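Written below as structure tokens is the structure these notes are about.
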Amino acid sequence: MSATGWADYVEEVLDVVATIPAGRVLSYGDIAEILGRGGPRQVARVMATAGGPVPWWRVVRADGRPAPCHDGEADRLLLAEGTPLRAPGRVDMGSARWRA
DNA sequence: AGCCTGACAGATA
DNA sequence: GTATCTGCCAGGC
């Protein structure tokens, strides 16, 4: 039952991203898993199309590397929020991974 | 209708 | 450690 349209999916994804506290991060696949539908590509698509009003920098790849867009900006923002970095420009998944 | 691209993920070399 | 391929799902041409 996927009576949910694209707009609803966008709202759910943005809602989850907006719920991520500062200093924590979630991977695209994690968000997809939390929602229970779609996939990492769909979450990424939402961020690319309507990820403006949300802290997109708190959404990183499974490797812990920030999204390829505004790379330097993501690093700066994550560092400013005190996100556990395993290396410069790389987030420590395992500590920074947020859980509801 | 088909083909290509992509803010991804996992495996392999 | 990085580079490359494939698989997945949806959108754009």
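Just so we're on the same page: letters track the sequence lines, and every chain starts at 1. Everything quoted here is computed from the prediction, not taken from an experiment.
Rounded to the nearest 0.5 angstrom, A:Met47 CE and A:Leu14 CG are separated by 7.0 Å. Put simply, CD on A:Glu73 and CG on A:Leu78 are 11.0 Å apart, with the number rounded to the nearest 0.5 Å. Separating the CD atom in A:Gln42 from the CD1 atom in A:Ile31 is a distance of 12.5 Å, to the nearest 0.5 Å.
Closest to the side chain of A:Ser27, from the set B:dA7, C:dG11, B:dA9, is B:dA9. Here the side chain of A:Gln42 is nearest to one of B:dC8, C:dA10, B:dA7, namely C:dA10.
Protein atom CG of A:Leu26 is 12 Å distant from nucleotide atom P of B:dA9, rounded to whole Å. Per the geometry, CD belonging to A:Glu33 stands 10 Å off P belonging to B:dG10, to the nearest Å. Spacing between atom CZ of A:Arg97 and atom C1' of B:dA9 amounts to 12 Å, rounded to whole angstrom units. Rounded to a whole Å, the CG atom of A:Leu14 is 17 Å from the P atom of B:dA7. For the pair A:Leu35 CG and C:dC9 P, the interatomic distance rounds to 15 Å; values are reported in whole Å. Atom CZ in A:Arg86 sits about 6 Å away from atom P in C:dG1, given to the nearest Å. Following rounding to the nearest Å, A:Tyr28 (OH) and B:dG10 (P) show an atom-to-atom distance of 14 Å. When rounded to the nearest whole Å, the span between CH2 of A:Trp56 and P of B:dC8 equals 13 Å.
Between A:Arg61 and B:dA9, a side-chain N or O to OP1/OP2 separation shorter than 4.0 Å is present.
Among the atoms of the strands shown, none is found under 4.0 Å from any heavy atom of A:Gly39. Contact annotation for A:Arg65: no contact, since no heavy-atom pair falls under 4.0 Å across all strands. Heavy atoms of A:Ala62 sit under 4.0 angstrom from primed sugar atoms or phosphate atoms, though from no base atom.
Judged by distance alone, with hydrogens and angles left aside, the side-chain atoms of A:Arg45 form no donor-acceptor pair with the main-chain N or O of A:Pro40 at under 3.5 Å.
If you check distances only, the side chain of A:Arg45 never reaches the base of C:dG11 with a donor-acceptor pair under 3.5 Å. Between the side chain of A:Arg41 and the base of C:dC9 there is no donor-acceptor pair of N/O atoms closer than 3.5 Å.
Between A:Val17 and A:Arg58 the shortest side-chain heavy-atom distance does not fall below 4.5 Å.
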